[in-house]
Amino acid sequence: MGAFQDKKDRKEDRQFVLLWKVQSKEIRETAKELLGQGGINLLYSELAGRRLNESIARYFSRKTISYSARDNLIRGSAKFFHKHKPERTVEDWIERLSEPGKNENLSEWLKPRQPIYASKAEQYLNAHLEAEKARRLPALYKFLQREIGEGVSPPYAKLSKMWVRNVTDGRRQIDLPIPVSLLSTADQIALKESPPNPFFENKKDFAADQSSYLKQLIAINSLEADPEIRERSLHNGNTYTIATLENERSSCTIGGSASDYYSMLKHQAAPEYALLSALQEMDTAEQELDDYSTLIERRVEARKQSTHAAMSISALVVYPDARDAQLRAMVLKKDKRTAVYKDLWAVVPGGMFQPELGDPKEWNIHHCLIKEYCEELFGENPVERQAHPYFIYQEWQSAKDLYSKLVEGKCEIVHSGVALNLLNSCVEICCVILVKDADWFEGHRRRFKYNFEYVARSQAQGNCLLEYKVNSAEKDFLDWHESNIIPAEIAGSWVPGSLASFWLGIDAVRQNRPNRFVPFV
């Protein structure tokens, strides 16, 4: 009965959306008058992105707009805009949208004001930077081992241990703690054929923007002078989440659901920040670090929840050097302006697995990688209200270049594994973009224009290598830390998922794993 009712509800939801698209022209026109075309697009994506409740369904189905429908529109849009501009209360929005004669200037009124907690922005920033130092504490990795031993696992994966990578060049060696658990090292990572539908299945937490952690991030973000960077660094978009993970002999299949970025921040990034803060305070106060029981109790519920277990995708770019033909791997350093993982080393590209438009075609690992590659290495910016997610292969030269080389076989995408970030329970799908054409890549990377998420190469040099020879990655890695080979210090200077992606990628290239790219455009 439950499955039948769910199917019936979804059918009704689709009917109401159809009414919204086809029949309710007057509602749309009124909404457009109130909010502008951009506003109604945002409102539509918000209302259609969750299950339509009875009251919204009633007003969607009207052929003429009543006062109650208009009131619903105002209140619904007020709640939506409040989520994206939380410095204004819902009451502010209702008063503004209801006030005759002022809606013409709504775009002006939408400009950001000082956010909640703005007066404490510097204080919050300092607290977050202080917490980041805990990544370099041996106590953190000891805690994670203890936590796994307590049997705290997410529903979709049974955790057995934290990955400790032995890094040796024959003369020196360290046991490098990587704060992830390897869920799969299969050479084929597949997605279930039926993609999540953010249109109907979105499980976002509508109270996420009221969490103290997110309000702190908003306050910190207000310190950024560039409005475009402010908008992009803390933009709330839909995200794919992991629902199931099935391992076979040489393949791993992932099933997904949908949530949003703010929900991930509340349910995954916030517990990570809380853990780092607690460990940093314990270490500073010289308390007994063996007493982890209280911290573990706090993290049990966070680890077990899976509704907002976001997925990210990263790739180690490996290319032959035009000078000596040796394969090299590239890393970059995150900028301090990013919402999370400020000032840490990372593989590029890497980012959330997100359906920008809610189109089923976005349920594609390779498309996500290419999009992130173009955004992060060429500064491309997704254009709002595009009709099709594959527009990048017509409009972005960087995407056209990379895609054509993948089709020609002069670049390959290799799957290297799936890792669970033990700090926040995010799942990292790890890959390699393997370049075979040295001359093409030499010219291609001259056009690199890193986006705001990464520090310029000239500023990053001096305290880390930016390129590692694949055949001698361990030696290069240890040479970098020759003066300070402390495992926790090294691990704490990397984005956790990226450190896993780096070493999984090195192994995959050495093993000559098969190319998994299948043309999709």
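These numbers come from the heavy atoms of this one structure, side chains and all, not from hydrogens, waters or symmetry mates. If you read the sequence from its start, that first residue is 1, and numbering goes on from there. Note that the structure is a prediction, hence the values are computed from the model and not measured.
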**Item:** Ile313 CD1 to Glu372 CD distance, which is reported to the nearest 0.5 Å
**Value:** 8.5 Å
**Asked** Under the 3.5 angstrom rule, does the side chain of Tyr141 hit a backbone N or O of Arg136 as a donor-acceptor pair?
**Response** no
**Message:** Looking at Lys469 and Asp324, is there a salt bridge between them, counting it only when a charged N and a carboxylate O are closer than 4.0 Å?
**Reply:** no
**Asked** Are Asp479 and Lys475 close enough for a salt bridge, meaning some N to O gap below 4.0 Å?
**Response** yes
Give every donor-acceptor pair under 3.5 Å between a side-chain atom in residues 184-192 and any protein atom, sequence neighbours left out.
| from | atom 1 | to | atom 2 | distance (Å) |
| --- | --- | --- | --- | --- |
| Ser184 | OG | Ala186 | N | 3.1 |
| Ser184 | OG | Asn247 | OD1 | 3.2 |
| Asp187 | OD1 | Arg516 | NH2 | 3.3 |
| Lys192 | NZ | Glu246 | OE2 | 3.2 |

**Message:** Can you list everything that forms a ring pair (Phe, Tyr, Trp, His ring centres under 6.0 Å) with Trp363? Sequence neighbours excluded, please.
**Reply:** Tyr240, Phe353
**Request:** Look at the side chain of Glu362 and the backbone N and O of Gly358, then say whether any donor-acceptor pair between them is shorter than 3.5 Å.
**Result:** yes
**Asked** Quick one: are Val317 and Val348 in side-chain contact, heavy atoms under 4.5 Å?
**Response** no
**Request:** Give a yes or no answer on whether the side chain of Ser233 reaches the backbone of Ile229 with a donor-acceptor pair at less than 3.5 Å.
**Result:** yes
**Tyr261 ring center near His235 ring center (under 6.0 Å)** = no
**Prompt:** Are any side-chain N or O atoms of Ser416 and backbone N or O atoms of Cys430, one a donor and one an acceptor, separated by less than 3.5 Å?
**Reply:** yes
**Message:** Applying ring pair (Phe, Tyr, Trp, His ring centres under 6.0 Å) as the test, list every pair that has at least one member in residues 401-425; sequence neighbours left out.
**Reply:** His366-His415, Tyr393-Tyr403, Tyr403-Phe517, Tyr403-Phe520
**Message:** Between Glu224 and Lys336, does any side-chain N to carboxylate O distance fall below 4.0 Å?
**Reply:** no
**Message:** For His128 and Tyr213, I'd like to know if the aromatic rings sit close, meaning centre-to-centre distance below 6.0 Å.
**Reply:** yes
**Asked** Would Lys334 and Glu132 pass as an ion pair if we require N to O under 4.0 Å?
**Response** no
